[in-house]
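Scope of the values below: all heavy atoms of this structure, side chains included, with no hydrogens, waters or symmetry mates. Only a predicted model underlies this, so the values are computations on that prediction, with no experimental measurement involved.
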Amino acid sequence: MTAERAGGTLIHNDRMQTVPLGSQGALVSRLGLGCMGMSEFYGARDDEESRAAIRRALDLGVTFLDTADMYGIGDNEELVGRAIRGRRGEVFLATKFGNVRTKADPGRWAISGRPEYVRSACDASLRRLGVDCIDLYYQHRVDPAVPIEETVGAMADLAATGKVRYLGLSEASPATIRRAHAVHPITALQTEYSLWERHVEAAILPAVRELGIGLVAYSPLGRGFLTGAIADPAALGPDDVRAGRYPRFAPAPFAANLVLLERVKALAARKGVTTGQLALAWVCAKGLDIVPIPGTKRRRYVEENAAAAEVVLTATDVEELERAMPPEAIAGERYAPGGMKSIDR
């Protein structure tokens with residue numbers, strides 16, 4: 001059974017809907033799973049529970065898995081690779097290169113789009129993942145020192161040799177996206193998109209739609225803020241970087257944004273869903289060409305997030321949510337100044 005909606009054709013299977021990602025033939029689950037926090041940044045690791053969460057996601061039809069070579073400096077790819085062993089055929093596997101870190105100096109970050117680095121990074125990711133082909137290979141951040149044509153040319157070579165199937169970019173500007181797409185078709189752009197971060201709507205989303213490129217929305221739950229489960233960022237713990245790295249988790253912006261979140265909570269209660277499910281349903285309602293990849297490392301949240309794919313919002317619901325949390329009312333930047341410098345604009 002199919003259902004036509006703006007942005008594509010909804011294809012039903014026995015578990016979760018499958019939708020086209022871009023116009024190049026990629027098919028992914030309606031929601032994906034972001035695996036970053038399983039290995040770093042959002043608190044202590046629990047690899048056993050994380051592997052179980054990935055397998056539970058697959059059981060529910062959440063087959064679009066997102067990782068990167070810099071998450072845990074390789075550890076996250078290895079974890080994902082172990083979790084999908086024996087189930088590779090069920091998975092649409094995405095990973096990224098371009099943010100260069102080493103375990104010897106994990107706090108030092110660099111960006112590289114050099115063709116020779118693209119090739120070596122891909123080979124290293126394939127080894128860690130334990131696969132012979134990556135379904136979607138992204139440039140994690142655009143390297144301002146290397147023409148995008150050179151980077152995407154090297155990525156296209158990987159596709160020609162069968163090491164990757166589809167190409168993607170992350171946090172790229174419309175101009176860069178157009179230049180990249182002229183070299184080789186870009187299947188997906190990954191960028192932050194949620195009720196509390198809507199920068200893509202002005203220029204990026206119209207550009208990718210014009211070019212037939214899908215949008216993969218990372219942090220669709222606002223790094224956990226939109227779940228309503230974080231009462232005090234200072235209590236997140238020493239292994240959680242949110243309070244120190246993201247301005248919206250500083251005390252004053254966080255308190256201001258909580259006022260808006262209370263409105264969203266009220267709407268969720270009225271719909272009989274969790275606040276996080278309502279936030280994910282809002283992203284899904286913005287178009288079938290937009291695929292959110294909420295991150296978690298726990299099975300119970302995998303289950304809660306997956307159920308959001310079944311939440312149907314009317315146009316009135318969407319309008320109410322957007323009035324409850326209008327972009328101009330959000331307090332704080334999405335990244336600190338250093339992080340914003342890595343965004344291609």
Side-chain angles (χ1 to χ4, degrees), residues 34 36-37 40-44 71 99 107 109 140-141 170-171 173 190-205 215-269 273-283 285-286 290 292-297 301 304-305 308 318-345:
M36 180 189 77
E40 199 174 12
F41 305 121
Y42 289 178
Y71 300 158
N99 279 327
W109 297 37
H140 206 160
R141 289 292 187 271
S170 180
E171 293 289 4
S173 68
Q190 183 175 134
T191 191
E192 186 175 356
Y193 188 40
S194 70
L195 260 177
W196 85 332
E197 184 47 59
R198 295 170 59 186
H199 72 281
V200 303
E201 294 178 345
I204 293 173
L205 190 52
L215 185 77
V216 176
Y218 77 79
S219 295
L221 292 172
R223 298 182 175 84
F225 174 80
L226 293 172
T227 66
I230 304 172
D232 180 5
L236 288 171
D239 295 324
D240 195 305
V241 304
R242 281 173 285 189
R245 181 171 294 176
Y246 301 108
R248 290 180 187 174
F249 284 85
F254 191 85
N257 291 328
L258 275 180
V259 174
L260 306 179
L261 186 62
E262 288 302 316
R263 304 174 187 172
V264 178
K265 285 183 178 180
L267 294 173
V273 298
T274 69
T275 309
Q277 286 172 334
L278 188 62
L280 291 174
W282 176 86
V283 178
K286 301 304 284 187
I290 302 174
I293 51 168
T296 184
K297 51 191 169 186
Y301 294 136
E304 179 180 320
N305 293 344
V318 171
E319 290 171 3
E320 282 189 278
L321 277 167
E322 293 174 1
R323 285 197 300 270
M325 190 169 279
E328 64 274 11
I330 302 298
E333 292 287 341
R334 64 186 181 113
Y335 283 107
M340 290 305 295
K341 286 180 180 179
S342 73
I343 304 298
D344 179 49
R345 287 178 286 176

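- For the pair Arg334 and Phe249, the cation does not sit on the ring face, since its NZ or CZ is not both under 6.0 Å from the ring centre and inside 45° of the axis.
- Ring geometry for Tyr246 against Tyr335 counts as tilted: the plane angle lies between 30° and 60°, on a 0 to 90° scale.
- Contact check for Leu226 versus Thr275: no side-chain heavy atoms found under the 4.5 Å cut-off.
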Open item on the list: The test is side chain to side chain contact (heavy atoms under 4.5 Å, CB included); show your working for Thr274 and Glu304 and say whether it passes.
Closed with: CA-CA 8 Å; Thr274 69; Glu304 179 180 320; 3.0 Å; yes
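- Between the side chain of Arg345 and the main chain of Met340, a donor-acceptor pair closer than 3.5 Å is present.
- Not a single donor-acceptor pair under 3.5 Å links the side chain of Lys286 to the backbone N or O of Ser194.
- Between Leu221 and Thr227 the shortest side-chain heavy-atom distance falls below 4.5 Å.
- Taking each heavy atom of Ala331 and Asn257 in turn, the nearest pair found is N-OD1, 2.9 Å.
- Summarising the geometry, atom CG belonging to Leu260 is positioned 14.0 Å from atom CZ belonging to Arg323; distances are rounded to the nearest 0.5 Å.
- Counted within 6.0 Å of CD on Glu322, heavy atoms from surrounding residues, nucleotides or ligands total more than 12; the atom is thus considered enclosed.
- With values rounded to the nearest 0.5 angstrom, Ser219 atom OG is found 9.0 Å from Gln190 atom CD.
- Among all heavy-atom pairs drawn from Ala336 and Pro247, the shortest one is N-CD, 3.4 Å.
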Task: Worked check of side chain to side chain contact (heavy atoms under 4.5 Å, CB included) between Leu261 and Trp196 - done: CA-CA 9 Å; Leu261 186 62; Trp196 85 332; over 6 Å; no
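- In terms of modelled atom types and a separation under 3.5 Å, the side chain of Arg248 and the main chain of Gly332 share a donor-acceptor contact.
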- [ ] Take Glu171 and Tyr218 through the test side-chain hydrogen bond (donor to acceptor under 3.5 Å, both in side chains) and record every step on the way to the result.
- [x] CA-CA 10 Å; Glu171 293 289 4; Tyr218 77 79; 2.5 Å; yes
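- Between Val318 and Ala285 the shortest heavy-atom distance is CG2-CB, 3.9 Å.
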- [ ] Would you please test Glu328 and Arg198 for salt bridge (charged side-chain N to carboxylate O under 4.0 Å, His left out) and show each step?
- [x] CA-CA 10 Å; Glu328 64 274 11; Arg198 295 170 59 186; over 6 Å; no
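- The two residues Ser170 and Arg141 come nearest to each other via the heavy atoms OG-NH1, 3.5 Å.
- Looking at Ile330 and Met325, their side chains come closer than 4.5 Å, going by heavy atoms from C-beta outward.
- With a 4.5 Å cut-off on side-chain heavy atoms, Trp282 and Val264 do not count as touching.
- The two atoms that bring Ala217 and Ile290 nearest to each other are CB-CG2, 4.3 Å, heavy atoms only.
- Ring orientation note: the planes of Tyr71 and Phe41 are nearly perpendicular, at an angle over 60° on the 30°/60° scale.
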Open item on the list: I'd like to know whether Tyr193 forms a side-chain hydrogen bond (donor to acceptor under 3.5 Å, both in side chains) with Glu201, so could you lay out the CA-CA distance, the side-chain angles of the two residues, the decisive distance to 0.1 Å, and finally the verdict.
Closed with: CA-CA 9 Å; Tyr193 188 40; Glu201 294 178 345; 2.5 Å; yes
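- At least one side-chain heavy atom of Ile230 sits less than 4.5 Å from a side-chain heavy atom of Arg242.
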- [ ] Mind running salt bridge (charged side-chain N to carboxylate O under 4.0 Å, His left out) on Glu197 and Arg223 for me, showing each step along the way?
- [x] CA-CA 11 Å; Glu197 184 47 59; Arg223 298 182 175 84; over 6 Å; no
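- Heavy-atom minimum distance, Ala308 versus Leu280: CB-CB, 3.8 Å.
- Between Glu320 atom CD and Leu278 atom CG the span is 10.0 Å, to the nearest 0.5 Å.
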